[in-house]
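Here the structure comes first, spelled out in structure tokens, and everything after it is commentary.
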There are 4 protein chains.
Amino acid sequence: MSNRLNVGVIGVGRMGRLYAANLAQRVPNARLVAVADQKAGLAESFAKEYGVPKFYENHRDLLSDPDVEAVAVITSTSTHKDVVIDAAKAGKAVFCEKPISLSLEDANRILQVVEETGAFLQMGFQRRFDAAYMGARQKVEEGIIGTPVVFTSISRDPYRPPLEFCDPKVSGGLIADMGAHDFDVARMYMGDVKSVHAIGGVLAYPEIKEVGDIDNALINLVFENGGLGAVQLSRNAVFGYDIRGELWGTKGSLQIGYFRQTPILIMTEEGITHDVVPYFIQRFESAYLTQIQDFVDKVLKSEKPSITGADAVAAMRISLAANASFEQNRTVEI
Amino acid sequence: MSNRLNVGVIGVGRMGRLYAANLAQRVPNARLVAVADQKAGLAESFAKEYGVPKFYENHRDLLSDPDVEAVAVITSTSTHKDVVIDAAKAGKAVFCEKPISLSLEDANRILQVVEETGAFLQMGFQRRFDAAYMGARQKVEEGIIGTPVVFTSISRDPYRPPLEFCDPKVSGGLIADMGAHDFDVARMYMGDVKSVHAIGGVLAYPEIKEVGDIDNALINLVFENGGLGAVQLSRNAVFGYDIRGELWGTKGSLQIGYFRQTPILIMTEEGITHDVVPYFIQRFESAYLTQIQDFVDKVLKSEKPSITGADAVAAMRISLAANASFEQNRTVEI
Amino acid sequence: MSNRLNVGVIGVGRMGRLYAANLAQRVPNARLVAVADQKAGLAESFAKEYGVPKFYENHRDLLSDPDVEAVAVITSTSTHKDVVIDAAKAGKAVFCEKPISLSLEDANRILQVVEETGAFLQMGFQRRFDAAYMGARQKVEEGIIGTPVVFTSISRDPYRPPLEFCDPKVSGGLIADMGAHDFDVARMYMGDVKSVHAIGGVLAYPEIKEVGDIDNALINLVFENGGLGAVQLSRNAVFGYDIRGELWGTKGSLQIGYFRQTPILIMTEEGITHDVVPYFIQRFESAYLTQIQDFVDKVLKSEKPSITGADAVAAMRISLAANASFEQNRTVEI
Amino acid sequence: MSNRLNVGVIGVGRMGRLYAANLAQRVPNARLVAVADQKAGLAESFAKEYGVPKFYENHRDLLSDPDVEAVAVITSTSTHKDVVIDAAKAGKAVFCEKPISLSLEDANRILQVVEETGAFLQMGFQRRFDAAYMGARQKVEEGIIGTPVVFTSISRDPYRPPLEFCDPKVSGGLIADMGAHDFDVARMYMGDVKSVHAIGGVLAYPEIKEVGDIDNALINLVFENGGLGAVQLSRNAVFGYDIRGELWGTKGSLQIGYFRQTPILIMTEEGITHDVVPYFIQRFESAYLTQIQDFVDKVLKSEKPSITGADAVAAMRISLAANASFEQNRTVEI
């Protein structure tokens, strides 16, 4: 393969724009050659703004373009199965934003096609490429905290998403949509999960009940190796975006994450105040870039994907078990 | 009652010495008039060191001393029932260090006698008198975070206690001994607990298995009002003593606690380092003083106890349910 | 000498009350036997509140009391010369709150009498007994930062004192009154000062001009050993009490001090906020106790004073040079 | 002018590479069309690595290229005068990295030509484009701290540069080379400087004496408006790169800057440790990008330069006065 990868982006809504802009301007060994979006005019306007040569409404048109060597699939989760399978069959290297799908059946079907076609599939879990989470992984590998035995992970949004997005049928709901990231890094640090217990409720936004979701959940994990985990999910960190983790080992501990965006302390009669990272775009700006850069590098070097479809399925299994645990108020084995 | 309270301390081992020294030197409106300890010579040597007029081996001798108006019971938990009941029957105001007893039966017997005798009984949960936890309570009452809906509480020891103390038959074990504090402040902020789910394991000190205890536990709580709680207990915070909490409300959040003991940052080629509060004596030095001062004040003013026997029993019920949940791997209702 | 020291306190105004209360209740090997204050009734009311056996209006009456073995002189600075000399001549061990006097002549006269009488004189500079400043000294002695070469020291008040106190004729003014502490710890870490340069102004409180003082000053120091120092003084840290320092060595650096009083972070839509230590009484509560405890210990053990009159004079010389430098806009050698 | 600017970079050594790489890959409305470097082969190898169409050894060849609309001058300071003047005369818009020159004569000559030719000249002081310093400026403009009256600024390098670079004849020395940034932001916040007093010494690296420079300096400033400033410069922040500032106003204060690079706390028996920003490339990575983006935007929009040559001369005057003050041990008016 050449030393520059021709990439197409399928889906240029909010997250897709971010990926496409990174590929257009900030990934030196990528060339953004095409974008597609089923929403009329969206791909075209993006293409004009960023100077992308080609644009399509139908993802199949993009996939049949021989200039396109690889695609990033940033469409809504419910379409992942069709688009990823089409891309795999078209012989493209595929990057797919998490979660892999809304059902285990869809996910397994994707994995099956990926195996049959031998397609390259790398999943998007940008937290693995964040300096904090990567750095913690390195510290663990250096043995600084001994054997990690407990991992706690916090994901809290500054406000609730639009109600239609809260709908579990669209997004998977709080536990699957937000928790996917926590379950994925939990596996990265601690290995596979054996059993799950979840509690939750509608505590801050009564209207969420209408769509059948919750706004807070606490999920305890037992790992296969006997280690323990706790995941805290919330939609009401009204002050900002709260993404943190703690790793507890036999010889030490790591605290992961931070609150402050601007390194300024304001000191007035009200006390000492600083601002907070507002949301995930700001918190993970670098991680998203590093992640898609990693995808391009892996494809160009013919190396294995950093995060596989099997990783995505493993995270999904935890989500599904946590949802079942919450609904049935019991421990669920995986 | 006069403006100064004559107090006797029963039990002058590690914690008892702390209470007795506070009463002797740092509580202006208390007069430490007697100490008792069943260990030969211990009460006498303390009395000589601190100038306490009287000392006894048998707590009943102290209780029959008419000079003694109130007693602080700081003996091992297994003796609480007998000593507190004797003190209540002797007409003394009683302060009793947590936990109230090792069994619900003993605890209920104590409460029964307290009710029959009309004795004043205040329980010791010093965390309620710590500036951080008190301050958080005040912020909640001021409405700064709206309605609190999630409380998470961390208690981590820097090393495991002696094995004999880990023995659940002596101390109640990790969940009852350490968790009692977390369960108590959880109730202070969030009200009564409806159900509990606990996971745990022997992850850092294999020898703890010999006495039948664990060294790490994660406990999720559902409160009567629908709120959620998470308690994290550990014996392997090898860097120091880790006592923290978070309160999440509909309008904001509070972070409670701190790590640093000495306000010095050391900046060398190894990075930026600071020390950590080593253990509970240092972390809660002021809280223990404030707590026993509060007991003396309440008795002198004939006010109600700040923390009742019923509070202690409520915390114990959560501990017992958490232990049952862990052993049976299921949700336990309270 | 016995194992308990009989102490009298001369001056029970704001600071004197603090010292006397510590001696009455919190210094186990001291006995507060007498208090004196020239303000009618003040000593008497304090004595009744704290159960002190004797009280006087004239400090000479206290000094002629044979029960009094040692005195703490906490009167206004302008009276230090007479009271300390009287106490030294009366054969009492003397603790004297800083600054030693308003003029070098008075200070030298005190030192002369102390030498002639062989009296024990320990000066009060409580910052030396603060955990942060003591801890930093220990880290330096352990060699952790190599050779200290630069020391910067910050003292900022949350508001201006009453105008009559700002008057340099009463308090010595900003540089002498506040800076004395910084100059003293500067000498503790870095040794004697060779030259001084000061700039300053009335920048926050125009009315301070009326009494001839300033509200902000920046003072650079060159030490005898070639090291450098910077002292920052201000009356307008409106958010709280700002006492910090930095020690820069050839192998590392130390940051000394802290802002937060209550270990609570408040997280709302306004950002993340914490409170601040309000003023010196709160910031140095422990240091004042440790300092007077140290005085009692040193007298009882017949050891040398921890901070001598010569130390106080050395700090004063820096203040006077800094004042001269500011007024004449030039470097002043000491 | 078109909506994309054709830029050439003169000097692709360490800093020049950074600017050229940003222009090649991360400034969307710039096109890097040529690079030049007098060191044989350097421009060519950079051009090949980054796909730059043209490369030169002599900057005059680049300047005579009609495709080049604007140039960034990132050569060694001693060549700034010739290159900037050539570029101005060639009708190019010019970005010039600080400091403008080593002598006031050279700087004034540059300004004269810029005025005569009407050339666009924007100076590089990247700290003005750092989120922390920009944010503080905004807070001041919002009135949050009232009137700023004191500014303190810290610049500390983690190690000494190569001796040849320390040589004041090459770099201007510690005060001119490092202090330029502090003097520039001081002017941004507080306005022009009236007088200066500097102390300094060779305290950490004795070998620096050989080239006639110092490794530590403390510089006090009096501003025209009566405000005060303190600048602290050092080469021995052995733990990392220490860039901070404080702004003190009549209603509050701002703390600017941070130490930690990776948001991980490592907690072991040695205490709690975090890493430190290693050096300026990491600390100001975003600021360098924002700055050159700003230059491109300003040229394309035909707006005035954000930082003028006069700004650079004003900063240089403070450096020269501080050097004179240090050498002559006296206050120097500007």
Side-chain angles (χ1 to χ4, degrees), chain A residues 132 152-162 178 203-208 215-218 231-246 253 255-284, chain C residues 132 152-162 178 203-208 215-218 231-246 253 255-284:
Chain A
T152 66
S153 188
I154 290 175
S155 292
R156 289 192 160 95
D157 268 353
Y159 42 79
R160 71 157 173 77
M178 290 193 70
L203 304 176
Y205 308 102
E207 66 275 17
I208 283 185
D215 54 25
N216 276 273
L218 300 177
V231 172
Q232 304 179 2
L233 307 174
S234 175
R235 300 284 194 200
N236 58 300
V238 299
F239 55 90
Y241 188 54
D242 179 16
I243 302 295
R244 287 174 292 149
E246 297 185 347
S253 167
Q255 304 273 316
I256 306 164
Y258 56 102
F259 285 121
R260 192 160 22 153
Q261 181 173 44
T262 315
I264 297 174
L265 286 186
I266 302 171
M267 308 160 90
T268 65
E269 289 185 1
E270 279 70 46
I272 296 183
T273 300
H274 62 77
D275 69 359
V276 188
V277 175
Y279 209 11
F280 72 99
I281 297 287
Q282 294 84 358
R283 174 64 183 82
F284 290 114
Chain C
T152 65
S153 188
I154 291 175
S155 292
R156 289 191 160 96
D157 269 353
Y159 43 79
R160 72 158 173 75
M178 290 193 71
L203 304 176
Y205 307 101
E207 66 275 19
I208 284 185
D215 54 26
N216 275 273
L218 300 177
V231 172
Q232 304 179 2
L233 307 174
S234 174
R235 300 284 195 199
N236 57 300
V238 300
F239 57 88
Y241 189 54
D242 179 15
I243 302 296
R244 287 174 294 150
E246 297 185 346
S253 167
Q255 304 273 316
I256 306 163
Y258 58 101
F259 285 121
R260 192 160 23 152
Q261 182 174 42
T262 315
I264 297 174
L265 285 186
I266 301 171
M267 307 160 89
T268 66
E269 290 186 0
E270 278 69 46
I272 296 184
T273 300
H274 62 76
D275 70 358
V276 188
V277 174
Y279 210 10
F280 72 99
I281 296 287
Q282 294 85 358
R283 173 64 183 82
F284 290 113

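In this text the structure is predicted, and so the values were computed from the model without any measurement. Atoms considered below: every heavy atom in the structure, side chains included; atoms not considered: hydrogens, waters and symmetry mates. Chain letters run A, B, ... following the sequence lines, proteins first, then strands; residues in each count from 1.
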Interface of chain A and chain C, donor-acceptor atom pairs under 3.5 Å:
| residue | atom | partner | partner atom | Å |
| --- | --- | --- | --- | --- |
| A:Ile272 | N | C:His274 | O | 2.9 |
| A:Ile272 | O | C:His274 | N | 2.8 |
| A:Thr273 | OG1 | C:Thr273 | OG1 | 2.8 |
| A:His274 | N | C:Ile272 | O | 2.9 |
| A:His274 | O | C:Ile272 | N | 2.9 |

Completion exercise
Honestly, the part of C:Val238 sitting under 4.5 Å from a heavy atom of chain A is both
Practice task
Would you please name every residue forming a side chain to side chain contact (heavy atoms under 4.5 Å, CB included) with A:Pro162, sequence neighbours left out?
Solution key: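 Testing A:Pro162 for side chain to side chain contact (heavy atoms under 4.5 Å, CB included), a comparison that skips the adjacent residues, returns A:Glu164, A:Phe165.
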Exercise for the section: Taking ring pair (Phe, Tyr, Trp, His ring centres under 6.0 Å) as the test, write out the residues that go with A:Phe280, two or more places apart. Expected result: none
Handout entry: From A:Leu265 atom CG to C:Ile272 atom CD1, the distance as rounded to the nearest 0.5 Å
Key = 11.0 Å
